[in-house]
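Please read all numbers here as calculations on a predicted model, not as lab measurements.
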Amino acid sequence: MTVSCDVLIVGGGPAGLSAAARLAAAGLTVTLVDEQPELGGQYYRRPSPAVLREHGDHRPEGGRLIARVRDLGVDCLTGHLVWGMDDDGRTLLATGADGTPVRLRGRYVIAATGAYERTHPFPGWQLPGVTTPGFAQHLAAADGTPVGDRVLVAGSGPFLLPVACSLLDAGAHVVGIAEAGHPYRPDVRAVSTLRHPARLRELAGYAARLARARVPLWQGRVVTKAAGRDRVTSVALAATGDPARPLRTLDVDALCVGYGFRPQTDLARLFGCEISSDPVTGDAEPVTDVFGRTNRRDVYVVGEAAGIGGVHQARTRGSMAAAHILIREKNPAAPGPREIARLAAKGRALTRFTALSDALYPSPARLQEALAATLEDDTIVCRCEAVTAGAVRSAAVERAGGDLNATKSWSRAGMGPCQGRFCGFAVAGLVRDASSAGGAPCGVPVFPARQPVRPVPVETLLELGDQADRADRAGEGAG
């Protein structure tokens with residue numbers, strides 16, 4: 001099956017939905033593709049029917065936006081995984097829930113693929129009961145199910161607070177929050193938050209909820225080890241500045257640990273979009289203009305895939321990309337200079353808030369360096385391929401010459417089903433650390449995009465081959 005449209009949007013979260021609504025309202029044909037069975041992304045993920053009946057919709061604005069997109073006639077292909085690109089460098093390859101191959105073509109493409117959670121390995125992180133905060137948030141907020149009875153929330157970033165609140169609301173006992181930095185102590189930089197009263201009110205609400213439940217908040221602490229047999233039973237915390245020396249051990253039956261989010265750039269890299277490395281986060285990010293347009297003239301990257309900025313920034317970026325497309329199309333509904341200026345000003349204000357947040361929390365790149373340097377050699381780093389930190393270090397220095405992609409080839413780290421989405425950030429940190437010690441170059445900051453970017457059913461590939469054979473035979477018959 002081949003789907004053609006004016007604008008193809010990959011990703012049904014806040015950014016993709018905002019762009020789709022604006023473009024469809026202007027009369028363009030829009031196809032919105034998402035691998036989940038329902039639109040909304042992680043932030044606007046729909047609650048289960050049982051939770052909806054008992055507790056209501058925790059984010060009703062998401063439900064309204066999804067309903068508007070559908071009412072406007074957007075072709076919503078949910079349950080469709082985009083995994084590669086055809087030989088023309090333009091047509092995207094996808095598979096439906098039943099394995100049916102689909103070719104997707106749009107005169108414009110908007111990649112709104114979201115983000116991954118940033119993780120750092122430690123001994124025991126593969127134990128049952130150890131999850132990311134995002135997974136815990138999904139279970140608690142959307143399904144009303146806590147990941148455990150005694151839960152430690154750890155890592156870094158403002159996301160830890162709402163996760164802890166959701167766990168409390170779901171009935172869990174949150175034994176504490178371990179924040180790697182010191183963002184909640186008096187600081188001159190914190191004065192700038194007064195310019196963002198809405199975000200301050202949101203933070204105050206989380207803080208009040210945690211205070212009522214007497215949840216302790218430990219700053220300057222990182223998880224260095226999880227122990228247990230069939231499930232995690234204890235967690236060791238250490239000072240961020242000295243992770244090799246444990247300070248305390250907590251009894252838990254679940255651990256939610258993550259260090260913020262990383263842009264999901266697989267699709268942008270398949271298109272050959274220019275990618276740069278953020279010096280603060282260490283993440284690979286697509287190079288875009290204010291409208292989200294990349295060096296591929298008709299390809300836009302918006303939302304968290306363009307750089308982490310939160311839901312408000314994601315929606316603004318989606319609206320900016322849609323506005324630019326309407327201007328290029330000379331559409332009667334195209335925004336005028338005033339609206340463009342208003343959207344751009346809103347985007348700049350949100351960017352300033354993101355920069356402020358980045359300044360208050362520890363730099364992920366520096367945090368990665370500190371944790372990578374003290375990681376024990378026998379710690380599993382790539383869980384898909386069971387590759388240890390020692391194997392990565394050895395491959396980086398002795399065989400790969402400090403090149404990340406060569407290290408992947410020699411060690412197999414990042415070659416499993418997740419293609420490095422889960423371990424790539426940690427592997428890159430280990431390669432940089434080992435290469436610096438050995439005097440070798442550090443290489444590129446991210447694994448190259450290879451297709452299929454996600455696991456694909458064999459039936460899909462066989463059907464694509466059959467389609468190509470039928471097309472060849474039809475061409476020969478016509479000749």
Side-chain angles (χ1 to χ4, degrees), residues 7-24 30-48 51-52 57-70 72 74-83 92 94 97 104 109-118 131-143 157-159 162-163 166 258 260-268 283 285-286 292 300-322 350 354 421-422 453-454:
V7 185
L8 173 63
I9 301 175
V10 182
L17 289 167
S18 298
R22 181 66 185 268
L23 292 164
V30 180
T31 297
L32 182 58
V33 187
D34 196 280
E35 65 180 293
Q36 298 300 322
E38 180 56 276
L39 298 174
Q42 294 301 320
Y43 190 82
Y44 286 148
R45 185 183 289 272
R46 300 293 80 209
S48 66
V51 171
L52 198 59
D57 193 342
H58 66 299
R59 290 193 174 119
E61 70 276 13
R64 290 191 294 269
L65 181 56
I66 292 170
R68 174 167 170 74
V69 164
R70 292 190 180 279
L72 286 168
V74 173
D75 184 15
C76 300
L77 299 181
T78 55
H80 282 66
L81 171 66
V82 176
W83 56 266
L92 293 179
L104 303 164
V109 177
I110 297 178
T113 46
Y116 307 118
E117 291 188 80
R118 183 185 287 108
T131 74
T132 61
F135 179 75
Q137 170 83 337
H138 164 61
L139 284 184
D143 295 332
F159 186 54
V163 170
S166 294
F261 299 88
R262 303 163 51 217
Q264 187 173 167
T265 60
D266 298 351
L267 188 56
D283 296 330
E285 295 182 355
Y300 296 75
V301 182
V302 300
E304 303 289 68
I308 306 305
V311 62
H312 304 290
Q313 181 72 289
R315 294 198 60 175
T316 300
R317 287 171 174 167
S319 298
M320 286 289 282
L350 291 167
T354 299
R421 283 182 290 275
F422 206 62
V453 295
R454 301 285 184 90

Which residues pass the salt bridge (Lys or Arg N to Asp or Glu O under 4.0 Å) test with [X], sequence neighbours left out?
{"X": "Arg59", "result": "none"}
{"X": "Glu285", "result": "none"}
{"X": "Arg45", "result": "none"}
{"X": "Glu38", "result": "Arg70"}

Taking atom CZ of Arg68 as the centre, does the number of heavy atoms from other residues, nucleotides or ligands within less than 6.0 Å exceed 12?
no
Yes or no on side-chain contact (heavy atoms from CB on, under 4.5 Å) for Leu104 and Val82, after CA distance, side-chain angles and deciding distance?
CA-CA 9 Å; Leu104 303 164; Val82 176; 4.0 Å; yes
Which atom of [X] lies closest to which atom of [Y], heavy atoms considered:
{"X": "Leu81", "Y": "Glu35", "result": "CD1-OE1, 3.9 Å"}
{"X": "Arg421", "Y": "Arg262", "result": "O-NH1, 2.9 Å"}
{"X": "Pro286", "Y": "Val301", "result": "CG-CG1, 3.7 Å"}
{"X": "Leu267", "Y": "Ala111", "result": "CD2-CB, 3.8 Å"}
{"X": "Ala305", "Y": "Pro263", "result": "O-CB, 3.5 Å"}
{"X": "Thr78", "Y": "Gln36", "result": "CB-O, 3.3 Å"}

For a side-chain hydrogen bond (donor to acceptor under 3.5 Å, both in side chains) with Thr132, tell me which candidate from His138, Glu117, Gln137, Arg118 qualifies.
Glu117
Any side-chain to backbone donor/acceptor pair from Arg22 onto Ala321? Under 3.5 Å, distance only.
no
Looking at Gly310, is its backbone amide N or carbonyl O close enough to the side chain of Glu304 to form a donor-acceptor pair, meaning the two atoms are under 3.5 Å apart?
yes
Here the gap from Tyr44 atom OH to Leu65 atom CG, rounded to the nearest 0.5 Å, amounts to 6.5 Å
To the nearest 0.5 Å, what is the distance between CG on Leu92 and OG1 on Thr31?
11.5 Å
Tyr116: partners by ring-ring contact (aromatic ring centres under 6.0 Å, His included), with sequence neighbours left out:
none
Do any side-chain atoms of residues 9-17 form donor-acceptor pairs under 3.5 angstrom with protein atoms, and if so which ones, sequence neighbours left out?
none

Go through the steps to decide whether Ile308 and Thr354 satisfy the test side-chain contact (heavy atoms from CB on, under 4.5 Å), and finish with yes or no.
CA-CA 8 Å; Ile308 306 305; Thr354 299; 5.9 Å; no
Decide side-chain contact (heavy atoms from CB on, under 4.5 Å) for Arg317 and Met320; before the verdict, give the C-alpha distance in whole Å, the side-chain angles of both, and the deciding distance to 0.1 Å.
CA-CA 5 Å; Arg317 287 171 174 167; Met320 286 289 282; 5.6 Å; no
Side-chain touch Leu23/Ile110, heavy atoms, less than 4.5 angstrom
yes
